[in-house]
Amino acid sequence: SKKMSSTKKLFDETPSKLAENIVLFTRLLRATGMHLGTASAIDATKAATVIDLANKMLGYKYYITGEVIKGDGIGKKIKYPTANILPVNNSKLIPGNGVYVCQVNFDNKNLRGMLNIGNRPTVDGKERRIELHIFDFNTNIYGKNVKISLITKIRDEIKFNNLNELKDQLQKDEIKSINILNNEKI
């Protein structure tokens, strides 16, 4: 396809030209909210554009890989259990804070979900976390490595007044995410 040929052309360069393109691409991602481990305030439209651009330039969905570790169990209490992700590659750029639509792969299973990256202001979270909710899934996966492919960002992280408000928003996020995933070409 035309998209693939332009992407291939971008990366089908001499090693020095490829390195230059990678540096420019990395600067673009960082300038628009992608970064290594520090929080930034960017709007959802800009971040969605960054993820969409990254996916087009790479020729595949930008992804994060990590190990599922134990969290605080708050998501489970409101019927939105999350898998807390510890990235396995510390040099990989982590997108800006917010909620993302994603595809998940582990143990040769392809699943769908949504991902929150941020400080969890509703529960007065102190550190930045990556939390994955997999749709229609209820299996203990602690210690498993997962690959999370980002489709797009759907909203910024928001501080809600209570967990019920958060749960209501998560229901809306899930509906929006499923609609996006249903229209996604895999």
Side-chain angles (χ1 to χ4, degrees), residues 1 3-4 6-8 10-11 25-26 28-29 32-37 42 44-69 71 75-76 78-118 120 128-157 166-167 169-186:
S1 77
K3 282 184 189 176
M4 286 302 288
S6 64
T7 303
K8 186 177 182 326
L10 175 68
F11 291 104
F25 182 60
T26 302
L28 168 71
L29 293 176
T32 53
M34 304 281 271
H35 47 81
L36 292 167
I42 60 173
T45 305
K46 188 188 287 184
T49 303
V50 170
I51 292 297
D52 294 341
L53 176 62
N55 290 343
K56 285 177 185 167
M57 288 183 72
L58 292 168
Y60 59 86
K61 304 294 183 222
Y62 189 83
Y63 65 90
I64 301 167
T65 54
E67 179 185 347
V68 177
I69 59 172
K76 189 182 241 182
I78 60 171
K79 301 199 186 318
Y80 275 90
T82 59
N84 287 261
I85 307 301
L86 179 65
V88 294
N89 184 346
N90 288 336
S91 65
K92 183 99 177 189
L93 295 169
I94 303 298
N97 291 358
V99 178
Y100 295 81
V101 179
C102 63
Q103 295 168 330
V104 183
N105 182 278
F106 75 95
D107 287 348
N108 295 317
K109 294 180 181 112
N110 293 307
L111 304 167
R112 304 166 354 143
M114 55 190 185
L115 183 76
N116 182 71
I117 299 173
R120 305 169 309 125
R128 190 165 192 250
R129 290 193 185 175
I130 302 170
E131 297 178 308
L132 170 67
H133 173 73
I134 303 172
F135 302 139
D136 303 317
F137 185 79
N138 191 20
T139 302
N140 182 332
I141 56 173
Y142 292 130
K144 299 270 187 194
N145 283 324
V146 295
K147 176 182 175 183
I148 305 162
S149 299
L150 303 177
I151 307 303
T152 194
K153 182 176 178 181
I154 56 174
R155 70 172 172 86
D156 286 330
E157 188 173 47
L166 172 60
K167 182 179 178 179
Q169 181 61 51
L170 291 174
Q171 289 170 335
K172 293 173 187 170
D173 294 342
E174 181 175 7
I175 291 166
K176 185 172 188 173
S177 297
I178 289 170
N179 286 335
I180 291 169
L181 288 162
N182 286 342
N183 291 314
E184 181 67 18
K185 291 179 177 66
I186 299 173

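Note that this is a predicted model, so its numbers are computed, not measured.
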Using side-chain hydrogen bond (donor to acceptor under 3.5 Å, both in side chains) as the criterion, list what pairs up with Asp173, not counting sequence neighbours.
Arg155, Gln169

Enter the distance from Thr82:OG1 to Leu170:CG here, rounded to the nearest 0.5 Å.
9.5 Å

Can any side-chain N or O of Lys147 pair as donor or acceptor with the backbone N or O of Gly66 at less than 3.5 Å?
no

If you round to the nearest 0.5 Å, how far is CD1 of Ile85 from CD of Glu131?
9.5 Å

Roughly how far apart are Ile94 CD1 and Ile130 CD1, rounded to 0.5 Å?
4.0 Å

Carefully, step by step, assess Thr65 and Ile148 under the rule side-chain contact (heavy atoms from CB on, under 4.5 Å).
CA-CA 6 Å; Thr65 54; Ile148 305 162; over 6 Å; no

Minimum heavy-atom separation for Ile151 and Cys102, please, with both atom names.
CG1-CA, 4.0 Å

Side chains of Leu166 and Ile78: does their closest heavy-atom pair fall under 4.5 Å?
yes

Shortest non-hydrogen separation from Pro95 to Ile64 and the atoms involved:
CD-CD1, 3.9 Å

For a 4.5 angstrom cut-off between non-hydrogen side-chain atoms, does Val104 reach Arg112?
no

For Lys61 and Ser149, work out which heavy atoms get closest and say how close.
CB-CB, 3.7 Å

Begin from the C-alpha positions of Val68 and Asn84 and carry the test side-chain contact (heavy atoms from CB on, under 4.5 Å) through to its verdict.
CA-CA 6 Å; Val68 177; Asn84 287 261; over 6 Å; no

Sequence neighbours left out, what passes side-chain hydrogen bond (donor to acceptor under 3.5 Å, both in side chains) with Glu67? Give chain and number order.
none

Sequence-distant partners of Tyr80, side-chain hydrogen bond (donor to acceptor under 3.5 Å, both in side chains), two or more places apart:
Glu174

Test of understanding: with salt bridge (charged side-chain N to carboxylate O under 4.0 Å, His left out), list the residues that count as partners of Arg120, not counting sequence neighbours.
Asp72

Are Leu181 and Val101 packed together at the side-chain level, in the sense that at least one heavy-atom pair is separated by less than 4.5 angstrom?
yes

With side-chain contact (heavy atoms from CB on, under 4.5 Å) as the criterion, how do Ile154 and Ile180 come out once you've worked through the C-alpha distance, each side chain's angles and the decisive distance to 0.1 Å?
CA-CA 10 Å; Ile154 56 174; Ile180 291 169; 3.7 Å; yes

Looking at Leu93 and Tyr62, what are the two nearest heavy atoms and their distance?
O-OH, 2.6 Å

Hey, what do you get for OG1 (Thr152) to NZ (Lys176), rounding to the nearest 0.5 Å?
8.5 Å

Atom pair CZ (Arg129) and CG (Leu86), whose distance is rounded to the nearest 0.5 Å:
11.5 Å

Can you list the residues that meet the side-chain hydrogen bond (donor to acceptor under 3.5 Å, both in side chains) rule with Asn105, with sequence neighbours excluded?
Asn110

Distance-only donor-acceptor pairs under 3.5 Å for side chains of residues 132-145, two or more places apart:
{"residue": "His133", "atom": "ND1", "partner": "Pro81", "partner atom": "O", "Å": "2.8"}
{"residue": "Asn140", "atom": "OD1", "partner": "Tyr142", "partner atom": "N", "Å": "2.9"}
{"residue": "Lys144", "atom": "NZ", "partner": "Asp107", "partner atom": "OD2", "Å": "2.8"}

At what distance, to the nearest 0.5 angstrom, does CE of Met114 lie from CD1 of Ile175?
10.0 Å

